[in-house]
Amino acid sequence: MKFATKTIHAGIHPDPLTGAVMTPIYQTSTYAQESPGKHKGYEYARTQNPTRDVLQANLAALENGKFGYCFASGLAATDVMMKLLKPHDEVISTNDLYGGTYRIFRRVFEKYGIKFHFVDMTDLKQIEAAMNANTRLIWIETPTNPLVRIVDIQAVTALAKTKNVLTVVDNTFATPYCQTPLDLGADFVVHSATKYLNGHSDVIMGAIITNHEEYAQEIKFLQNACGAVPSPHDCFLVLRGVKTLHLRMAAHDQNGRKVAEYLSKHPKIDTVYYPGLVSHPQHEIAKKQMRIFGGMMSFTLKTDSLETSFRVMEKLQLFTLAESLGGVESLCGHPASMTHGSIPREERLKSGLKDSLIRLSVGVEDVEDLIADLEQAIG
Ligand SMILES: *Cc1c(COP(=O)(O)O)cnc(C)c1O
């Protein structure tokens, strides 16, 4: 099945009871049993829910994976990934990482004896230098957040395999429409389905997809044992959102390219971070592993001051100043004080995240209106 067919059909079948074409919302906490242990495969809704089952099968198919699991948030999915590890295990991750992922690593899992290394993953040598006998997992985010750097998934997973190290790709920014990390050698894909997968800014949800049966069993165990499951209604909403993922992503990409092009020619703008620009340092890798470049980008102004950036964000009308990304509506954000506020300033600056950086999630509105909005705000 091709991608556009999968978004609409994979894992989805008419409801066995009524023939309802749309997957019903099974809003129940429990299921009747005929006799103790004799039931239809559903016992308790933390463990199994038919609406969730359908979404899990759908997302697994989109990522070319066999097993998919959904969670109450992207971070709940990350939490379960970390619970596959044990004390003294070490994790290597990128120094340009979603702030919440950094926070759960440093402030939650370090306490349990897991050690984290943050390196510039566009440089394989830095990954190699951080590896040792305890390295268990490499956590890749690409494009990275908020500097939109591109990590060569194939190169990193190949390196990991030589040392028996597992690899995870946070595919939130790219989505499976744009890249399928399992095909490039990754062991796991993690999503904040809150973003592009749902696409309508009305759900918080996460997912893990893998082809490893043993780890899948363990993830399923943790999903039930730790209990951060999504609601049936939210599963329904994400299922509905995913049906247009391919249409939305193509539109985000078209608008993204035009906005990046416009910004890169603007006299008041210093740097535009967008993998679709030929000037992007990893443009060639992006072309190799991504089908499209999407709608996420960042930029800095020549007047590198907090004040000027704040004025631009206050003046923007169509780009709503808000956390999050990946919805049909355009958003702008200030990573240093918002999504990445939990990373110490020295570390932010060391990894290249300037205080004045503005991040855009370019939506699917008419691009001429979006550019006009940027024009009046930047001046
Ligand atoms: C938002 C986000 C997360 C966390 O997901 P939540 O659904 O907010 O818990 C993880 N990774 C990336 C790249 C994100 O943008």
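We count ligands from 1, going down the list as the structure has it; atoms in each ligand are counted the same way. Side-chain atoms are counted along with the backbone in the values below, which use heavy atoms only and exclude waters and symmetry mates.
- For Tyr42 and Tyr26, the gap between ring centers reaches or exceeds 6.0 Å.
- Contacts between Lys195 and ligand 1, counted as non-hydrogen atom pairs separated by less than 4.0 Å, involve the side chain only.
- The single protein non-hydrogen atom nearest to atom 10 (C) of ligand 1 is Tyr98 CD2, 3.4 Å, given as residue, atom name and distance.
- Taking the six-membered ring for Trp and the full ring otherwise, the centers of His252 and Tyr196 sit less than 6.0 Å from each other.
- Considering backbone and side-chain atoms alike, Ser192 places an N or O below 3.5 Å from some N or O of ligand 1.
- Per-residue contacts place Asp170 under 4.0 angstrom from the following atoms of ligand 1 (heavy atoms of the residue considered): 10 (C), 11 (N), 12 (C), 13 (C).
- The side-chain heavy atoms of Asp270 and Phe299, taken from C-beta on, include no pair separated by under 4.5 Å.
- Counting the atoms of ligand 1 from 1 in the order shown, those under 4.0 Å from a heavy atom of Leu325 are 15 (O).
- Contact between His191 and ligand 1 is absent, with no heavy atom of the residue lying under 4.0 Å from the ligand.
- Within the cation-pi definition used here (under 6.0 Å to the ring centroid, within 45° of the axis), Arg149 does not qualify as a partner of Tyr273.
- When each atom of ligand 1 is checked for a heavy atom of Ser73 under 4.0 Å away, the hits are 7 (O), 9 (O).
- Ligand 1 places these atoms under 4.0 Å from at least one heavy atom of Met205: 7 (O).
- In this pair, Phe105 and Phe116 present their aromatic rings parallel. The plane angle is below 30°, not in the 30 to 60° band.
- Taking the centre and axis of the six-membered ring of Phe71, the NZ or CZ atom of Lys83 falls outside the cone set by 45° and 6.0 Å.
- No N or O atom of Phe173 sits closer than 3.5 Å to an N or O atom of ligand 1.
- The aromatic rings of His212 and Phe188 are tilted relative to each other, their planes meeting at an angle between 30° and 60°.
- The part of Thr194 lying near ligand 1 is the side chain, judged by heavy-atom distances below 4.0 Å.
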